[in-house]
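Before any comments, here is the structure.
Numbering of ligands and ligand atoms starts at 1, following listing order. What you see is a predicted model, and the numbers here were worked out from it, not measured in a lab.
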Amino acid sequence: MKKKENHILDYLMSNRDIYLSGNYISSKLGISRAAVWKKICGLRQKGYRISARPNCGYRLDEEPDQLNKDLLEEKNIVFYQAVDSTNLAIRRLAEQGLPGYSTLIAEEQLKGRGRLGRNWFSPPNSGLWFSLLLRPELLSPAAAAPVTLVTAAVLAKNLREKHALPITIKWPNDLLVNGIKFGGILSELKGEPDRIDYLVIGVGLNINQQQSDFPAELSAQATSLFAESGRHFDRTSLFLAMWNDLVQAYKHFFKQGFAPFRDQILQYNSFIGQEVNVKWPGGTLKGFASDLTAEGALLIKDKKGKTRVVNYGEIW
Ligand code: BTN
């Protein structure tokens, strides 16, 4: 049986430009006006924008920005409306034999994960939260290390060239627009010291959020493409174009190595040639970020002129 919430939606949708009174809806559905209000709140939580006017009633202004499930599934992309984390979900499928280059995207993550054990805020109807599964044969875990930077380079190039957005990359996994973080990459690997079983590349991009959509603790350091450019993006086509470029790029990287991507990182980077602070397994370090190695590690010249090779860490 159709839920009452959906009946209200039908009424609102077939009366687009007019206000429907709470009385009218409640008598049509045989529920109280308080119950109508509750259902309206439920629809708003799902992303429907509904105006409410005293003495007039309710009017549907805008439907939620939804990923296009049919278009995604046509490309064999696994779509979930909500999931704990796309990285965790694709790892579960990988354990059941999901083939390489499979991709999983979710409208919402309930336990989105960031680097260094952080959470990743992943509300519905506004961002892109997806993971790719890679099964490179004949590649050692060490040789796969730059895969995060390859991902960053491809995403930055796509958004710069196709959408003229001022995207830069902050080593090793942050994507910035106007110098503020709007995206991140979480790469995970299962394997042995000399052999990769599979790699999972998780990408989170804030696309259509308004600045006020971010929780207080994030709003000073996070942004979205919409908040910076004033442009609203069709998330499905944005994703499909990036996904296409990513799949091609991984194939290229597994055959040809990191060099062409390193050039792109150097072109789009927001840190080489600057004084930076680094948190790495060796502690905290202040120094000059002088270059990237052929393997994607960061070279930091400290105050005494000694150059350190930082394979893993965070800069600010
Ligand atoms: C970071 O900057 O800390 C990395 C954030 C990565 C977030 C993405 S969203 C899709 C995928 N699934 C997750 O749980 N995390 C990654």
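Atoms of ligand 1 lying under 4.0 Å from at least one heavy atom of Ile185, given by number and element, are 4 (C). With ligand atoms numbered from 1 in the order given, ligand 1 contributes 10 (C) to contacts under 4.0 Å with heavy atoms of Phe130. Close approach to Gly112 involves these atoms of ligand 1, each under 4.0 Å from a residue heavy atom: 14 (O).
Annotation: cation-pi pair Lys251/Tyr101 present, NZ/CZ under 6.0 Å from the ring centroid and within 45° of its normal.
Neither the backbone nor the side chain of Arg118 comes within 4.0 Å of ligand 1, counting heavy atoms alone.
Between Tyr312 and Trp280 the shortest side-chain heavy-atom distance does not fall below 4.5 Å.
Proximity of Ser122 to ligand 1 is not established, as no heavy-atom distance is less than 4.0 Å.
The ring of Tyr58 has its center no closer than 6.0 angstrom to the ring center of Tyr19.
When only non-hydrogen protein atoms are considered, atom 5 (C) of ligand 1 lies nearest to Trp120 CE3, 3.4 Å. Here the protein heavy atom with the shortest distance to atom 13 (C) of ligand 1 is Gln109 OE1, 3.3 Å. For atom 16 (C) of ligand 1, the closest heavy atom belonging to the protein is Arg113 O, 3.8 Å. Nearest protein neighbour of atom 2 (O) of ligand 1, counting heavy atoms only, is Lys181 NZ, 2.6 Å. Looking from atom 1 (C) of ligand 1 to the surrounding protein, the closest heavy atom is Asn173 ND2, 3.4 Å. Arg115 N, 2.7 Å is the protein heavy atom nearest to atom 3 (O) of ligand 1.
Within 6.0 Å of the CD atom in Glu137, the count of heavy atoms belonging to other residues, nucleotides or ligands does not exceed 12. The number of heavy atoms from other shown groups lying within 6.0 Å of NZ (Lys301) does not exceed 12.
Taking distance alone, with nitrogen or oxygen atoms compared against 3.5 Å, Thr86 approaches ligand 1 more closely than that limit.
Residue Phe254 is not grouped with residue Val200 when hydrophobic side chains (ILVMFWY) are merged at heavy-atom distances under 4.5 angstrom, including chains of intermediate members.
Not a single donor-acceptor pair under 3.5 Å links the side chain of Asp213 to the backbone N or O of Gln209.
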Practice task
Give the intermediate values and the outcome of side-chain contact (heavy atoms from CB on, under 4.5 Å) for residues Phe233 and Leu165.
Solution key: CA-CA 12 Å; Phe233 293 85; Leu165 289 161; 4.0 Å; yes
